[in-house]
K.L.:
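My structure is below; once you've seen it, I'll send some questions.
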2 protein chains.
Amino acid sequence: MVPMIQFVHPNLEDISLASVLGALADPLRLRIVGNLLNKNDCMSCSEALPCPNMEKSTLMHHFRIMRETGLIPTEKVGLENRIVLRTFDIKMRFPGLLNEMMKYAIS
Amino acid sequence: MVPMIQFVHPNLEDISLASVLGALADPLRLRIVGNLLNKNDCMSCSEALPCPNMEKSTLMHHFRIMRETGLIPTEKVGLENRIVLRTFDIKMRFPGLLNEMMKYAIS
DNA sequence: TTAAATAGTTCATGAAATTTGTACTTTTTA
DNA sequence: TAAAAAGTACAAATTTCATGAACTATTTAA
């Protein structure tokens, strides 16, 4: 009997600028974050698929980076993982940063 | 007789947001860029040393990343490489982005 | 005018991060 | 109960990162 996976998300004060920039320093992740910001709601991983023909495991990997950075909390609901952008927290910690970046991200 | 090294810097329109974020997604590079922005003048590589006991070759590596991203043109003057932040260009391409990020970078 | 010092580059190596394929688990639905 | 759906885990191949040692080019000093 394998224990149920629990996701761990960093505290707000442990989120560094460099790590946020690293999490966004990839066109796919930038697009996912942009989509989440526009939608202003949660998505499943598959829904957030940023481009066709992408391996699930690769997508997984990108989600893990964003989760461990603290950008995206993940919650398991039934079959799906519901992911949301931690918008409030990020705006609290780095006001203006998200909006500024999303101005220049191509969706 | 080995030819003189010529640095190549990307055009403004070839600088992508993701690559800029990638170039800044490292505390050392963030600090170097912050210093250049504050100083608003050129520096030699050694002057820009972001922390003590850092290998020259490692510093090199970071400069190369920033140069190839297009953040920092390099010009050889005598013994030194003079590096400057491409502030005008970056502000042209991504207005507000640099200032926004530097608000949260710890120098 | 050679010798040493300075500033930086290059290359090889090993460590870490990315991408992907395959096999697995868990939950839902037929 | 079996199959499908949504993810996860692990391993291999590739790429990027950090460092040490050896190199080049320019300046300064003997």
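Every chain is numbered from 1 and lettered A, B, ... according to where its sequence line falls, protein lines coming before strand lines. Only this structure's heavy atoms are used, side chains among them; waters, hydrogens and symmetry mates stay out.
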K.L.:
Output yes when at least one side-chain N/O atom of Thr58(A) is less than 4.0 Å from OP1 or OP2 of dT20(C), else no.
P.N.:
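For Thr58(A), the contact criterion (side-chain N or O under 4.0 Å from OP1 or OP2 of dT20(C)) is met.
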K.L.:
Looking at Ile65(B), is its backbone amide N or carbonyl O close enough to the side chain of Thr69(B) to form a donor-acceptor pair, meaning the two atoms are under 3.5 Å apart?
P.N.:
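Checking the backbone N and O of Ile65(B) against the side chain of Thr69(B), a donor-acceptor pair under 3.5 Å is found.
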K.L.:
Out of dA7(C), dT19(C), dG7(D), which has the shortest distance to the side chain of His62(A)?
P.N.:
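From the listed options, dT19(C) comes nearest.
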K.L.:
What nucleotide, of dT8(D), dT19(C), dA18(D), holds the atom closest to the side chain of Lys56(A)?
P.N.:
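Nearest to the side chain of Lys56(A) among the choices is dT8(D).
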K.L.:
Taking Arg86(B) for its side chain and Pro73(B) for its backbone only, find out whether a donor-acceptor pair lies under 3.5 Å.
P.N.:
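The answer is no, because no donor-acceptor pair under 3.5 Å joins these two groups.
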K.L.:
If you check the Ser57(B) side chain, which of dG7(D), dG8(C), dG20(D) turns out closest?
P.N.:
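Nearest listed nucleotide: dG20(D).
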K.L.:
Round to a whole Å and report the spacing from CD1 of Ile83(B) to P of dG8(C).
P.N.:
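Rounded to the whole Å, the gap is 8 Å.
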K.L.:
Judged by atom type as modelled, is there a donor-acceptor pair below 3.5 Å linking the side chain of Glu100(B) to the main-chain atoms of Leu97(B)?
P.N.:
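Here the side-chain-to-backbone pair does not exist.
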K.L.:
Over how many whole Å does the gap from Phe63(A) atom CZ to dG7(D) atom C1' extend?
P.N.:
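So the two atoms are 11 Å apart, to the nearest Å.
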K.L.:
Quickly work out the Arg64(A) CZ to dT19(C) C1' distance and round it to whole Å.
P.N.:
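Computing the Arg64(A):CZ to dT19(C):C1' distance gives 13 Å.
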K.L.:
For Met60(B) and dA22(D), what is the distance between atoms CE and C1' respectively, to the nearest whole Å?
P.N.:
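Spelled out: CE on Met60(B) to C1' on dA22(D) is 15 Å.
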K.L.:
Glu55(A) side chain: which of dA7(C), dG7(D), dT20(C) is closest?
P.N.:
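The answer is dT20(C).
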K.L.:
dG7(D) phosphate, OP1 or OP2: any side-chain N/O from Ser46(A) under 4.0 angstrom?
P.N.:
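Checking dG7(D) against Ser46(A), a side-chain N or O does come within under 4.0 Å of OP1 or OP2.
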K.L.:
Go through dT6(C), dC17(D), dT20(C) for me and flag the one nearest to the Leu79(B) side chain.
P.N.:
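When the side chain of Leu79(B) is considered, dT6(C) is the closest of dT6(C), dC17(D), dT20(C).
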K.L.:
Round to the nearest Å and state the distance from Glu75(A) atom CD to dA6(D) atom P.
P.N.:
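Interatomic distance, CD of Glu75(A) to P of dA6(D): 17 Å.
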K.L.:
To the nearest 0.5 Å, what is the distance between CD1 on Ile90(A) and CG on Leu12(A)?
P.N.:
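Rounded to the nearest 0.5 Å, the CD1-CG separation comes out at 8.5 Å.
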K.L.:
Atom NE2 of His61(A) to atom P of dC10(D): distance rounded to whole Å?
P.N.:
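In whole Å, dC10(D) P lies 15 Å from His61(A) NE2.
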K.L.:
Taking Asn11(B) for its side chain and Glu13(B) for its backbone only, find out whether a donor-acceptor pair lies under 3.5 Å.
P.N.:
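Such a contact is absent between Asn11(B) side chain and Glu13(B) backbone.
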K.L.:
Rounded to the nearest Å, what distance is computed from the CG atom of residue Asp26(A) to the P atom of nucleotide dT19(C)?
P.N.:
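Checked: the CG to P distance equals 6 Å.
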K.L.:
Classify the nucleic acid contact of Leu59(B) as base, sugar-phosphate or nothing, counting any heavy atom under 4.0 Å across all strands shown.
P.N.:
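The answer is nothing, as Leu59(B) stays clear of every strand by at least 4.0 Å.
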K.L.:
From CD of Glu80(B) over to C1' of dT27(D), roughly how many Å is that when rounded to an integer?
P.N.:
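Atom CD in Glu80(B) sits about 11 Å away from atom C1' in dT27(D).
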K.L.:
Would you indicate which nucleotide in dT8(D), dT19(C), dA6(D) comes nearest to any side-chain atom of Arg67(A)?
P.N.:
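That would be dT8(D).
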